[in-house]
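Quick note: numbers below take in every heavy atom, side chains included, and nothing from hydrogens, waters or symmetry partners. Chain identifiers are assigned alphabetically (A, B, ...) following the order of the sequence lines, protein sequences preceding nucleic acid strands; residue numbering begins at 1 within each chain. Computed from a predicted structure; not experimentally measured.
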There are 2 protein chains.
Amino acid sequence: MVGALPGLSENCVTVLPVRPLPADAPQRRIAYDPTRPLARPYMPKTVAFRAGRSTPRDFLEACIETLQRDEPAISAFVSLDLAAARRAADAATARWREGRPFSAIDGMPVVIKDMIETVDLPTQMNSPIYEGWQARRDAAAVLALRQAGAVILGKTVTTEFACGNSGPTRNPYDTSRTPGGSSSGSAAAVGGGMASLGLGTQTHGSTIRPASYCGAYALKPTHGALHVGGLAPLAPTLDHLGVIGASLEDVWAGAMAISRIVGGTPPHPGLAGPEEAPPPRRPATLVRLDTLGWDETPPSSRAAFEDAVSRLARAGVRILDAANDAATAALEQELRGIGEVANDLLAWEARWPLAAYRAHGADQVGARIQDLLERAGRLDAAAYARALADRQRLRGMVAEFAGRADGFVMLCSSGPAIQDHGFTGSRNYALPWTLVGAPAFALPLLAVEELPLGLQLAGFAERDADACAVAGWVRDTLLPTDRKI
Amino acid sequence: MVGALPGLSENCVTVLPVRPLPADAPQRRIAYDPTRPLARPYMPKTVAFRAGRSTPRDFLEACIETLQRDEPAISAFVSLDLAAARRAADAATARWREGRPFSAIDGMPVVIKDMIETVDLPTQMNSPIYEGWQARRDAAAVLALRQAGAVILGKTVTTEFACGNSGPTRNPYDTSRTPGGSSSGSAAAVGGGMASLGLGTQTHGSTIRPASYCGAYALKPTHGALHVGGLAPLAPTLDHLGVIGASLEDVWAGAMAISRIVGGTPPHPGLAGPEEAPPPRRPATLVRLDTLGWDETPPSSRAAFEDAVSRLARAGVRILDAANDAATAALEQELRGIGEVANDLLAWEARWPLAAYRAHGADQVGARIQDLLERAGRLDAAAYARALADRQRLRGMVAEFAGRADGFVMLCSSGPAIQDHGFTGSRNYALPWTLVGAPAFALPLLAVEELPLGLQLAGFAERDADACAVAGWVRDTLLPTDRKI
């Protein structure tokens, strides 16, 4: 298979230039079945590693085979170091054999969004300004993953500075569609089975949306619970490190591996919970939210969501919604107005670094970045203070549910991936919990028009493990239990 | 004078290698007179610029003449771009002539601590790991200074990553002594008259202490009030951008120029106050603090401080101290225990990036960085939580004085610069307001053994302009008014 991927070398770092979508790239479409996804979960295999029946190197080779076959169609990567990955997998293989893995995820193949610094691969942020730019340190999460024994395959495509022009990546289930953004490459690589874990970021919707589109699980944790050091900042009070994974168990173990080593962004002490995913827990009550995304959601996706909620209700969960609960109706009303709040917070907080990037020349940054700077120019400190107060009010309304409900259920995106490569899709379903700053899981349990569509299970701030336990039960309830992934 | 500075070119960027103190460097000692400092205030000259009697280019040339004469003895710089500085000064000259300066500080010569990213000069952090490393953006404060019309001369020596090995810089008043650290080069360059403003940082004592040693004014603002974007992080809840200046007016106008363009670190809206320093205001009551630094302060420095406090009292200020006020006694007691709190916060929060730097090899980082990582290894999240709680209690005690006093007066350092080049001096007088997170001004009003010693005027969080007004009155009261600087 070597040679299928242009420019890919077996023996050294391969840095791919920032490039448009090639016109002659292979096309493909694969029907999405939530019980048989392309994604390649790692955690179920570790029992076999310990028993010597399989190895992390075997697992990595399966990922590489997929990568070499599919990368020409998907374009998930901007740089790769397969030789280093194989050395790391061999070292992990030896540790599992000796019964002394560095962590629960030792040997897990991971990919890193190209907004996040790596000491051994360039960080280019899909911008000509950063072509070939090399950081001299690992970001906090990357350092932690290495120390946990993870096997880093390469850096993945982002939209320009995680908020501008789209990259070349295409959806692993339908190459005519976007993978979502801005964590495009990480979601496509994980959803497409090239790695089990991908680091992403979320400032508006950049982890939950691409996971939904690409058939991957994801966690956008409590704000600050995973250290953002070494992630190029955009809007500090919105920026989250996101974890995309092939299964809920991969996501949780990956997130905890990071937190156990580097903790949260100070002063946050870090994500709390067990090293591996907590046992699934049936919620007594869930809040069903339509959010500001409902109006743009087509009937087929609405129907899939309604069906899922009905199945949860039939399994014994009390569902609060705008029709049967006044507080939920009030929250829905509040959520309909948050688009402008989110845009104001982003524009104001991102003045730096965006203005520093634009100083290279207006032709060096995309139109969306220029639009954000223009929006910022129309704001003042009072407008920013109002947006912060609006967000605080929203957080207060959500926190009021803590005694009444075990979580919130909504879509991750307003339908499956759109047929577009210039636009990475609406952020409207991801914005609410970005602003709330509390945990949200993407669960790729729905299939609409044979494409993945994520269900979002959101929780309360600082209670990420509780939300994970509920998410596990939702996953088990909506998927046939014998095929749970 | 050209050629006096080895490696200095008139026409291009000069990057000086990371180097030890040269054995044959010139020595000098100049008696410090607070009324006739080497520092070169800029703000008083702007009237002449507007009137066409002088120009920013003239001012810059005087700075450059000092730089070329003294840099071989002082070693303040790691990189210089004099040609770019002259172009910027000429542009500012034209704007003042046309009566359209970009800001109050248009044309001001500034220097940038080499922990802070600049798009046109390397950022090397006094570490072999970062030799020749080039950021591709300006830090927020640098971008703002450029947009305000400031003239950037170059990057200045820092201790290794602002917390490790000392650099080669020497004190402008006595080359056998340290300039203090970690903002060594910025303080020496400003105190020595090579520039009017220097950006520094303060995580423990790195702005207030070197300003004190080098005869410079400085502001360590309310935490977050000046944007730290593009400053290499160390301990986010302690890291402050510090502003060192040739006069109180230079410091204030420089800080406000930054804030008016890029604001604070989100969600802080930014430093509030007038564009130029507020008029001096006589405080009714000041709290005199000995802090944990008193025990190590030699008699001559104690006497200078006692004399200054007596003069403030004679000028009509009521002085609260541990002997006459129970709350002050309680605060002093609390302050005696903060050394361990400050070290725990630093060690825990700086695990990343320090561990990422150490990953280059133990021989690539200094002993103090290894010590900090070892200390962090002995801490856990509970110990960190206790340190945060201790700091919060201190903040609460300080805030309680808001109705009773107009500010706090203490030394900036436990005596003048020490005769050492391996150790940059005790941080014990700077630690209190670093932890408090409220504004502190260094006022180089004392001379002890013909060396500068700063008086520290500290205020209440978010009330930086009020503290500046009181600092102005203290300055006017302790210096002969006809020579105020």
Side-chain angles (χ1 to χ4, degrees), chain A residues 117 119 123 125 127 129-144 146-147 227-230 232-239 259 261-270 272 345 348-360 380-382 384-385 387-388 391-392, chain B residues 117 119 123 125 127 129-144 146-147 224 227-230 232-239 259 261-270 272 345 348-360 380-382 384-385 387-388 391:
Chain A
E117 293 180 20
V119 73
T123 300
M125 308 194 235
S127 163
I129 297 167
Y130 278 81
E131 195 170 330
W133 184 74
Q134 182 60 58
R136 296 201 185 162
R137 65 186 178 198
D138 278 328
V142 173
L143 181 77
R146 278 193 221 277
Q147 291 187 2
H227 202 308
V228 298
L234 194 52
T237 78
L238 295 170
D239 294 341
S259 178
I261 295 173
V262 294
T265 310
H268 198 296
L345 291 173
W348 180 262
E349 295 192 6
R351 289 176 300 162
W352 185 88
L354 296 185
Y357 300 145
R358 196 184 54 181
H360 285 267
D380 58 15
Y384 177 55
L388 289 173
R391 182 173 66 182
Q392 200 52 46
Chain B
E117 294 180 20
V119 73
T123 300
M125 308 193 237
S127 163
I129 297 167
Y130 277 82
E131 195 171 329
W133 184 74
Q134 182 59 58
R136 295 200 185 162
R137 65 187 178 198
D138 277 329
V142 173
L143 181 77
R146 276 193 222 277
Q147 292 187 2
H227 202 309
V228 298
L234 194 53
T237 78
L238 295 170
D239 294 341
S259 179
I261 295 173
V262 294
T265 310
H268 198 296
L345 291 173
W348 179 263
E349 294 192 7
R351 289 176 300 162
W352 185 89
L354 297 185
Y357 300 146
R358 196 184 55 181
H360 286 267
D380 57 17
Y384 177 56
L388 288 172
R391 182 172 67 182

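The residue among B:Gln147, B:Arg146, B:His227 with the most heavy atom pairs within less than 4.5 Å of chain A is B:His227. When each of A:Pro233, A:Gly230, A:Gly229, A:Ala144 is checked for heavy-atom pairs under 4.5 Å with chain B, A:Gly229 comes out on top. Contacts with chain B were tallied for A:Ala135, A:Pro236, A:Pro353; A:Pro236 has the most, counting heavy-atom pairs under 4.5 Å.
Looking at A:Gln134, the atoms closer than 4.5 Å to chain B (heavy atoms on both sides) all sit in the backbone: N, CA, C or O. Contact annotation for B:Ala139: only backbone heavy atoms (N, CA, C, O) come within less than 4.5 Å of a heavy atom of chain A. For B:Val119, the part sitting under 4.5 Å from any heavy atom of chain A is the side chain, from C-beta outward, and nothing else. Both the backbone and the side chain of B:Tyr130 come within contact range of chain A, each with at least one heavy atom under 4.5 Å from a heavy atom of that chain.
For B:Arg136 (side chain) and A:Ile129 (main-chain N/O), a donor-acceptor pair under 3.5 Å exists by modelled atom type. Not one N or O on the side chain of B:Trp352 forms a donor-acceptor pair closer than 3.5 Å with the backbone of A:Thr265.
Of all heavy-atom pairs between B:Leu143 and A:Ala355, the closest is CD2-CB, 3.7 Å. Counting all heavy atoms, side chain and backbone alike, A:Arg351 lies closest to B:Ile261 at NH1-O, 3.6 Å.
When side chains are defined from C-beta on, A:Trp348 does not count as touching B:Pro266, because their heavy atoms never get closer than 4.5 Å.
Residues forming a side-chain contact (heavy atoms from CB on, under 4.5 Å) with B:Arg358 (at least two apart in sequence, or on another chain): B:Val365, B:Gln370, B:Leu373.
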